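Lettering of chains follows the sequences in order, A, B, ..., and the numbering in each one begins at 1. These numbers were taken from a predicted model, which means no experiment stands behind them.
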Amino acid sequence: MRYSGFNVIKQALTGHKGWTPAWRDPEPKRHYDIVIIGGGGHGLATAHYLSKVYGQANVAVIEKGWIGGGNVGRNTTIIRSNYLLDGNEPFYEFSLKLWEGLEQDVNYNAMVSQRGIMNLIHSDAQRDAFIRRGNAMILNGADAELLSEQQIREEYPFLNFNDARFPIKGGLAQRRGGTVRHDAVAWGYARAADSRGVDIIQNCEVTGFRIENGRCLGIETSKGFIGAGKVGCAVAGNSGRLMAKAGMRLPIESHVLQAFVSEGLKPVLPGVITFGAGHFYVSQSDKGGLVFGGDLDGYNSYAQRGNLPVVEDVCEGGMAIMPMIGRARLLRMWGGIMDMSMDGSPIIDRTHIDGLYFNGGWCYGGFKATPASGYAFAHLLANDEPHETATAYRFDRFRTGHMIDEKGMGNQPNLH
Amino acid sequence: MIINHPLLGPRDSAEFVYLGDASLIDRPDPNAEDRDVAFHDYAYLRDNPAGEHRELWFHEGGDRSWLVVTRNTVTHEISNVALARDVARARGRSK
């Protein structure tokens, strides 16, 4: 069933009795051409582009819980393409372009809202760095705009302009950035992929890989063995755990990142604001809650909950830059598990095992990458070659020295 | 999280800086034939277990000692804390 305004009115007039499930609930077949492990944003996007762009219909997505129950439902919903390095910026700009056409592509309202993102500048050195970043963005076809202090005062009058340590000296804006209804991304991709025959198999945990003579023949699951021509893994924070079943050690540590939502307020924020110097960023959801977060807790964790020192740090950052946040009560807080890579950039690559492919290491930037990650992973699975925007996301870059380290932190995952 | 420091007693984890897997104590032999591979694996690859994890914490806001903390990455429960110096010496390091 195609979703449209006409259908909404028709269903409203007929008691909403004609809606059908958005996707099927099939039993796994014995064999697929391609099996994707992980029914999150990236896995479902991969299935969508495999079936739509690359003509692969004999595809299954295997999910341990329910689809969209992992990081795609636990992030702070921001989309942007404000990266600096050559290995990253074309990829993220490709992603932002896919976001712009997503709802028409999958026929699903994902509430893509290009309300803009703005990074605050506090010093001359930071302004220089942001000008360089903005130029890199523009060179790669993205948009970037340097804002003066006066423009910040006009657009964001509620910020603290009297902070002695971090005086606001301007900002770097990307007007095409914004937010997206994160759950709808998973559901939209799932529905679109399902409609072209992709089997989405939920409550099916992968317990192992069947690997013979250096070739992956399929996966062992709680619903039995599923054979596959190719297996793609896209399980975000659980990458280390899953790939260990194939005997692999990854350049990845899993860390917990916390996020927070206040009670619902009338519209107060015009877009996404990042206060990098104070480890704080904030936007306002369409329901009115202030959605904000900060740094990783900083230690290996699979717990999906963090500790209080970081809560204090994030709230201090919020109070420092936007004192009015102190009037809002905190409604919810939670943690998500990030697969933090050794250079802060992702991996979309073949493994040394034939037929086994990996997509992970997204750190805390996975949500904005969802469409391009799915597209590039689908391209790799279908053609055995990296997509043109993802050629740098290789496993062997740590061996060859071609790291993509935006922050210049080295192999210290909790600092990226 | 409270880290029970072997010398100072229970301390808030916020006093510490986290480095990572305690396997970083075992630096590869720089003169070995396979040193390229060994140092790549040492610097970049991690076991990243869900469960018990031995890891290095530095008491920056305290006595500036390095500790090996055994902690469960699923529950955050800490089961053992030792001075990294003692662990390293027990593994044959000179200091």
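- With chain A as the partner, the residue from B:A50, B:S13, B:A43 showing the most heavy-atom pairs under 4.5 Å is B:A50.
- With respect to chain B, the highest number of heavy-atom pairs below 4.5 Å among A:S254, A:G240, A:G410 belongs to A:S254.
- Using a 4.5 Å cut-off between heavy atoms, A:M340 does not touch chain B at all.
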Step-by-step side chain to side chain contact (heavy atoms under 4.5 Å, CB included) determination, B:Y44 to A:R397 = CA-CA 11 Å; B:Y44 295 112; A:R397 67 176 185 264; over 6 Å; no

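- The line from CG of A:N411 to CZ of B:R46 is 6.0 Å long, rounded to the nearest 0.5 Å.
- For chain B, the nearby parts of A:P251 are the backbone and the side chain; heavy atoms of each come within less than 4.5 Å.
- Interface summary for chain A: among B:T75, B:D47, B:V17, the most heavy-atom pairs under 4.5 angstrom belong to B:D47.
- The heavy-atom pair separating B:Y18 from A:H255 by the smallest distance is CE2-CE1, 4.2 Å.
- With a threshold of 4.5 angstrom between heavy atoms, A:I252 approaches chain B through its backbone and through its side chain.
- Residues A:N307 and B:H76 are in side-chain contact: their nearest non-hydrogen atoms beyond the backbone lie under 4.5 Å apart.
- Heavy atoms of A:Q412 lying under 4.5 Å from chain B belong exclusively to its side chain.
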With side chain to side chain contact (heavy atoms under 4.5 Å, CB included) as the test, would you mind laying out the steps for A:Y299 and B:M1 before giving the verdict?
-> CA-CA 11 Å; A:Y299 44 81; B:M1 291 190 294; 3.4 Å; yes

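- Of the residues considered (B:V37, B:D36, B:L19, B:L45), B:L45 shows the highest number of contacts with chain A, using heavy-atom pairs under 4.5 Å.
- In this model, a donor atom of one side chain and an acceptor atom of the other lie less than 3.5 Å apart for B:N48 and A:Y302.
- Taking chain B as the reference chain and counting heavy-atom pairs below 4.5 Å, the highest number among A:L250, A:N238, A:D343 is found for A:L250.
- Taking 4.0 Å as the cut-off between side-chain N and carboxylate O, A:R249 and B:D41 do not count as a salt-bridged pair.
- A:N300 places no side-chain N or O within 3.5 Å of a backbone atom of B:D21 that could act as its donor or acceptor partner.
- Heavy atoms from other residues, nucleotides or ligands lying under 6.0 Å from CZ of A:R394 number 12 at most.
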